[in-house]
Amino acid sequence: MKILLTGGAGYIGSHVAAALMSSGHEIVCFDNLSNSDATVMDRLEAITDTAIPLVKGDIRDGDALRQVLNEYAVEAVIHFAGLKAVGESVAEPIKYYDNNVRGTLTLLEAMRDCGVKTLVFSSSATVYGEPQYLPLDENHPTSATNPYGRTKLMIEQMLADVAAADPEWRVAILRYFNPVGAHDSGLIGENPNGIPNNLMPFISRVAAGRLDELSVFGSDYDTPDGTGVRDYIHVVDLADGHVAALDAITRTDQALSTWNLGTGQGYSVLDMVEAFVRVNGVRIPYRIAPRRDGDVASCFASPERAERELGWKASRDLDAMCLSSWNFERLLAMRNAD
Ligand code: NAD
Ligand code: UDP
């Protein structure tokens, strides 16, 4: 298929681009580069042996979207473009509703206008709010505790309405748990601007000496070691899940499908630190800090529906996640030194 990846130059989008290429799809990336840079396309070319077109544009620009959809005869869209920092969304909610909600609405209009009705959307486990039971399955009630989460919920609701109104749509909502790790080549990975909010990039930068120590947010949760438990999923497994989901929605007669993409296995913050140190032979100084506002004690998926309906299952373990993150961080340091 010919597939448009909004936000295709970003962390998850670039890994999905690599996975789609190796499954024989043709792709075009559309990104305003607000949280990525165009050099990722060169590294993707080194991985896939193909030059992937990048159109620099904003998803709030309907004309630009219509142009790329028509010019490349796009058949399906995978929609990653969005802002994703929870703290920033609390401080600047208008920016988040504008970028994420208005951006998605503009994308849906452009898709409708061009007759492209196949869409995979990057949602998040954040839409489950405070877990009422674990593991979280797709029927767990949804709620949101911050503007970022509300944008994901609003978009999910928009997509459900669109799919209900026009049964020709084929929409997949993918609820990601905690994507970490990097491509085996070490050429693409997660490289956030500024100080990372997420655990794994923070750990990598402490290991690299770019940050002094990790703050472990809370050690008095009701979990085996008191630190927060999450379902970390290797980004290459996550990428394969997109290929499987796209394939599934082109065969189903259902207009809307929702799948968790997680492993079903929870690890604590200290489990992550221990694994990173053991696998990579590095030091990660850390101190226990107060809980972070809005964090839940434990969050992990039931990946059963995705296994059953997509024939997809995450296969890479925690060691592979830690190894590939560190490999990416070291190669990044070497590239930056050049
Ligand atoms: P990322 O920031 O690396 O990638 C997002 C890309 O979208 C960036 O390249 C950015 O430049 C682009 N972008 C942002 N706004 C845009 C706009 N208005 N127009 C065009 N391009 C725009 O983030 P990521 O980690 O790859 O996340 C991808 C998606 O997955 C996001 O929607 C995010 O909310 C969702 N998600 C991510 C995680 C995670 O932990 N990384 C977890 C759950 C869900
Ligand atoms: N965490 C931490 N220190 C950090 C960043 C995160 O202790 O510098 C913890 C956080 O409290 C949570 C887990 O690591 O228990 C995963 O956090 P992350 O921000 O990566 O993901 P999310 O909050 O979205 O699950």
Side-chain angles (χ1 to χ4, degrees), residues 5-17 29-38 40 54-61 64-65 78-87 89 95-96 98-100 102-104 106-107 120-127 146 148-149 151-152 155 174-180 188-193 195-203 205-206 211 213-219 221 223 226-233 235 238-239 242 261-262 266-273 286-300:
L5 272 53
T6 73
Y11 170 47
I12 298 169
S14 57
H15 287 83
V16 174
C29 294
F30 184 91
D31 201 302
N32 68 0
L33 303 178
S34 58
N35 197 36
S36 50
D37 77 87
V40 75
L54 168 70
V55 176
K56 189 174 176 213
D58 195 294
I59 52 164
R60 289 161 294 183
D61 181 349
L65 284 169
I78 308 188
H79 178 34
F80 303 99
L83 301 174
K84 59 170 186 174
V86 171
S89 80
K95 183 172 160 183
Y96 273 67
D98 180 51
N99 198 85
N100 294 4
R102 180 160 79 92
T104 303
T106 307
L107 172 67
V120 177
F121 172 62
S122 299
S123 190
S124 165
T126 191
V127 300
N146 57 66
Y148 166 70
T151 68
K152 291 293 179 195
I155 294 167
L174 301 183
R175 294 178 177 156
Y176 308 159
F177 280 68
N178 289 59
V180 295
I188 52 175
E190 188 174 16
N191 184 26
N193 294 327
I195 296 177
N197 294 308
N198 293 112
L199 180 64
M200 194 59 132
F202 204 106
I203 288 179
R205 289 196 188 173
V206 173
L211 293 166
E213 64 174 7
L214 170 72
S215 297
V216 174
F217 297 142
S219 60
Y221 284 109
T223 60
T227 67
V229 167
R230 296 289 182 277
D231 185 337
Y232 297 93
I233 175 167
V235 68
L238 188 82
H242 288 69
L261 295 184
Y267 289 106
S268 74
V269 177
L270 294 182
D271 289 336
M272 298 300 285
V273 172
Y286 70 84
R287 70 182 173 88
I288 304 297
R291 291 181 178 194
R292 183 172 67 177
D293 272 356
D295 273 355
V296 301
S298 295
C299 174
F300 51 92

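Both ligands and their constituent atoms are indexed starting at 1 by order of listing.
For the ligand labelled ligand 1, residue Ser14 lies outside the 4.0 Å heavy-atom shell. At a 4.0 Å cut-off, not a single heavy atom of Glu190 sits close enough to ligand 1 to count as contact. For Gly103, the closest heavy-atom approach to ligand 1 does not fall below 4.0 Å.
Side-chain atoms of Asp61 and Thr106, non-hydrogen and from C-beta on, never get closer than 4.5 Å to each other. Side-chain contact between Leu199 and Tyr232 is present, with heavy atoms from C-beta onward closer than 4.5 Å.
Ranking the protein heavy atoms by distance from atom 1 (P) of ligand 1 puts Asn35 ND2, 3.8 Å first. Given atom 13 (N) of ligand 1, the protein heavy atom at minimum distance is Asn32 OD1, 3.4 Å. The protein heavy-atom contact nearest to atom 19 (N) of ligand 1 is Ile59 N, 3.0 Å. When only non-hydrogen protein atoms are considered, atom 24 (P) of ligand 1 lies nearest to Lys84 NZ, 3.6 Å.
Considering backbone and side-chain atoms together, Ser123 places no N or O closer than 3.5 Å to any N or O of ligand 1. Between Ser124 and ligand 1, no pair of N/O atoms sits closer than 3.5 Å.
In Asn99, the part holding a heavy atom less than 4.0 Å from any atom of ligand 1 is the side chain. At a 4.0 Å heavy-atom cut-off, ligand 1 does not touch His79 at all. At a heavy-atom cutoff of 4.0 Å, ligand 1 is contacted by the backbone of Leu33 but not by its side chain.
Note that Arg230 lies outside the cation-pi zone of Phe300, set by a 6.0 Å cut-off to the ring centre and a 45° limit from the axis.
Asp37 pairs by the salt bridge (Lys or Arg N to Asp or Glu O under 4.0 Å) definition with nothing, not counting sequence neighbours. When the ring-ring contact (aromatic ring centres under 6.0 Å, His included) test is applied to Phe217, no partner is found at least two apart in sequence or on another chain. The side-chain hydrogen bond (donor to acceptor under 3.5 Å, both in side chains) check on Asp231 picks up Thr263, with sequence neighbours excluded.
Counting the atoms of ligand 1 from 1 in the order shown, those under 4.0 Å from a heavy atom of Ser36 are 8 (C), 9 (O), 11 (O).
Side-chain contact of His79 with Thr104: a donor-acceptor pair under 3.5 Å is present, judged by distance alone.
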Write 'none' if nothing qualifies; otherwise put on separate lines each N/O atom of ligand 2 with a protein N/O atom under 3.5 Å away and their distance to 0.1 Å.
| residue | atom | partner | partner atom | Å |
| --- | --- | --- | --- | --- |
| ligand 2 | 3 (N) | Ser215 | O | 2.7 |
| ligand 2 | 7 (O) | Ser215 | O | 3.4 |
| ligand 2 | 7 (O) | Phe217 | N | 2.9 |
| ligand 2 | 11 (O) | Asp295 | OD2 | 2.6 |
| ligand 2 | 17 (O) | Arg292 | NH2 | 3.4 |
| ligand 2 | 19 (O) | Asn198 | ND2 | 3.2 |
| ligand 2 | 19 (O) | Arg292 | NH1 | 3.4 |
| ligand 2 | 19 (O) | Arg292 | NH2 | 2.8 |
| ligand 2 | 20 (O) | Asn198 | ND2 | 3.3 |
| ligand 2 | 20 (O) | Leu199 | N | 2.9 |
| ligand 2 | 21 (O) | Asn178 | ND2 | 3.1 |
| ligand 2 | 23 (O) | Arg292 | NH2 | 2.9 |
| ligand 2 | 25 (O) | Asn178 | ND2 | 3.0 |
| ligand 2 | 25 (O) | Arg230 | NE | 2.7 |

